[in-house]
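Take a look at the structure set out below.
Here the structure is a predicted model, which is why all the values come from computation and not from measurement.
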Amino acid sequence: MDKIRCIVIDDEELARELITTYIVQVEDLELVAELKSPVEAVSILNKEKIDLIFLDIQMPNLTGIEFLETISSPPGIIFTTAYREYAIESYSYNAIDYLLKPIAFPRFLQAVNKGIEHVTNKRKLEMHSSSSAESVGSLDEESILVKSERKLLRLKLQEIELIEGMSEYVAYHLNGKRVLSLNSLKSLEKELPSNQFIRVHKSSIVNKKFVTGIEGNMLLVNGKKISVGASYKLKVMEDLFGRGDS
């Protein structure tokens, strides 16, 4: 397997040094850059293939979470922070893991193993994606055709509860299982019937028939709690609950 290319973003020099020291001890990881500001990462992400970002949250000028909002298809993210209170919000951005400072090496390795699994799965999907399979992602009135690893699957729209965006691929949740496929929520949002599905977050589309309620900013979808993005809240309230207030 090709090495997993990483960058570290943290405004604290000692924190960057610790993470980079850990990275060089893991054979599967390759450190591309260690940066003190998210702004410095923009040009690198535009030029280089980056698989994994070790990202601090509280930084001056631009926080780690604000930085993620500017990236349409971010690499895998492992948050590294001294602030426990951001943990729940971080998983709304499909974070691989959330490391609390001071970070011990064994805990770092746990996160890295999750990161390796994430990148490996992504690479498998890319490897088995056929450029000639024009029909993949095509819709009819009742189903969508998706390619997952080596299989071509037809998923019934009425059975899909939730679709999550995960970097450059999506996860379809249905019948108690998860199906991964190369695609983007942006393209799916345009193709899926709006009378059945609604975008509720930058990383989530839900099937309206499985929505059972809302608690604050959390939508209840067949027993799961799904974050509702601030920019989607008004439409969600109007479309699903017939009211424009929150």
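- A donor-acceptor pair under 3.5 Å is formed between the side chain of Q25 and the backbone N or O of T21.
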Item to check | Pair I19-E34, side chain to side chain contact (heavy atoms under 4.5 Å, CB included): steps then yes or no | outcome: CA-CA 9 Å; I19 296 297; E34 47 111 353; over 6 Å; no
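- Here K36 does not pair with D56 in a salt bridge; the nearest charged N to carboxylate O distance is not below 4.0 Å.
- The minimum heavy-atom distance between D10 and A15, with the atom names listed, is OD2-CB, 3.4 Å.
- Taking a 6.0 Å sphere around CZ of F241, one finds it holds more than 12 heavy atoms contributed by other residues, nucleotides or ligands.
- Residue Y172 is tested with I160, L153, I205 for a side-chain contact (heavy atoms from CB on, under 4.5 Å); the sole match is I160.
- Residues C6 and F54 meet the side-chain proximity criterion, which asks for heavy atoms closer than 4.5 Å.
- Counting heavy atoms from C-beta on, the side chains of L188 and N183 come closer than 4.5 Å.
- Among the candidates K122, R123, R5, K3, the single residue satisfying the salt bridge (Lys or Arg N to Asp or Glu O under 4.0 Å) test with D51 is R123.
- At a cut-off of 3.5 Å, with distance as the only test, no side-chain donor of N207 or E161 sits close to an acceptor on the other residue.
- With a 4.5 Å cut-off on side-chain heavy atoms, T81 and L99 do not count as touching.
- Looking at every heavy atom in both residues, P74 comes nearest to L68 through CB-CD2, 4.1 Å.
- Note that CG of L29 is 14.0 Å distant from OH of Y22, once rounded to the nearest 0.5 Å.
- Nearest heavy-atom pair across Y169 and S181 is CB-O, 3.1 Å.
- For E189 (side chain) and K186 (main-chain N/O), no donor-acceptor pair under 3.5 Å exists by modelled atom type.
- Paired with S143 under the rule side-chain hydrogen bond (donor to acceptor under 3.5 Å, both in side chains), one option of R154, Q158, E159 passes, and it is R154.
- The shortest distance between side-chain heavy atoms of F79 and I65 falls below 4.5 Å.
- Around atom NZ of K225, no more than 12 heavy atoms belonging to other residues, nucleotides or ligands sit under 6.0 Å away.
- Within the model, atoms CG of L180 and NZ of K147 stand 14.5 Å from one another, a figure rounded to the nearest 0.5 Å.
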Checklist entry - Given the rule in the side chain to side chain contact (heavy atoms under 4.5 Å, CB included) test, do L14 and E12 qualify, once you have shown the distances and angles that lead to the verdict? => result CA-CA 6 Å; L14 290 178; E12 298 177 2; 5.7 Å; no
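- Atom NZ of K235 is surrounded by 12 or fewer heavy atoms from other residues, nucleotides or ligands within 6.0 Å.
- Annotation for K202 and Y232: closest pair N-CE1, 3.5 Å, computed over non-hydrogen atoms.
- The CG atom of L52 lies 9.0 Å from the CD1 atom of I116; values are rounded to the nearest 0.5 Å.
- Across all their heavy atoms, I9 and S37 have their closest contact at CG2-C, 3.7 Å.
- We find the CG-CG distance between L174 and N222 to be 11.0 Å, quoted to the nearest 0.5 Å.
- At a threshold of 4.5 Å between side-chain heavy atoms, the hydrophobic network of Ile, Leu, Val, Met, Phe, Trp and Tyr places L45 and V42 in one connected group.
- We find the NZ-CE distance between K233 and M237 to be 6.0 Å, quoted to the nearest 0.5 Å.
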Next on the checklist: What verdict does the side chain to side chain contact (heavy atoms under 4.5 Å, CB included) test give for T80 and L55, after you've listed the backbone C-alpha separation in whole Å, the side-chain angles of each residue and the deciding distance to 0.1 Å?
Outcome noted: CA-CA 6 Å; T80 59; L55 181 64; 5.8 Å; no
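- Taking 4.5 Å as the limit, every side-chain heavy atom of F108 sits out of range of all side-chain heavy atoms of L18.
- Put simply, the side chain of H201 does not reach to within 4.5 Å of the side chain of V206, judged on heavy atoms.
- Of the inter-residue distances, the one linking L185 atom CG with S203 atom OG reads 7.0 Å to the nearest 0.5 angstrom.
- When the shell of 6.0 Å around CG of N61 is examined, it contains 12 or fewer heavy atoms from other residues, nucleotides or ligands.
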Next on the checklist: Applying side chain to side chain contact (heavy atoms under 4.5 Å, CB included) to V146 and L182, what does each step give before you reach the verdict?
Outcome noted: CA-CA 8 Å; V146 303; L182 280 173; over 6 Å; no
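- Between the side chain of S227 and the backbone N or O of M218 there is no donor-acceptor pair closer than 3.5 Å.
- Using a 4.5 Å cut-off on side-chain heavy atoms (C-beta onward), I163 and H173 make no contact.
- Linking ILVMFWY side-chain heavy atoms closer than 4.5 Å, directly or via other members, places F197 and L220 in two distinct hydrophobic clusters.
- In summary, K156 and E142 do not engage in a salt bridge, as defined by a charged side-chain N under 4.0 Å from a carboxylate O.
- Counting heavy atoms from C-beta outward, L162 and S204 have side chains that approach closer than 4.5 Å.
- Contact detail for A171 and M166: the closest heavy-atom pair is CB-SD, 3.5 Å.
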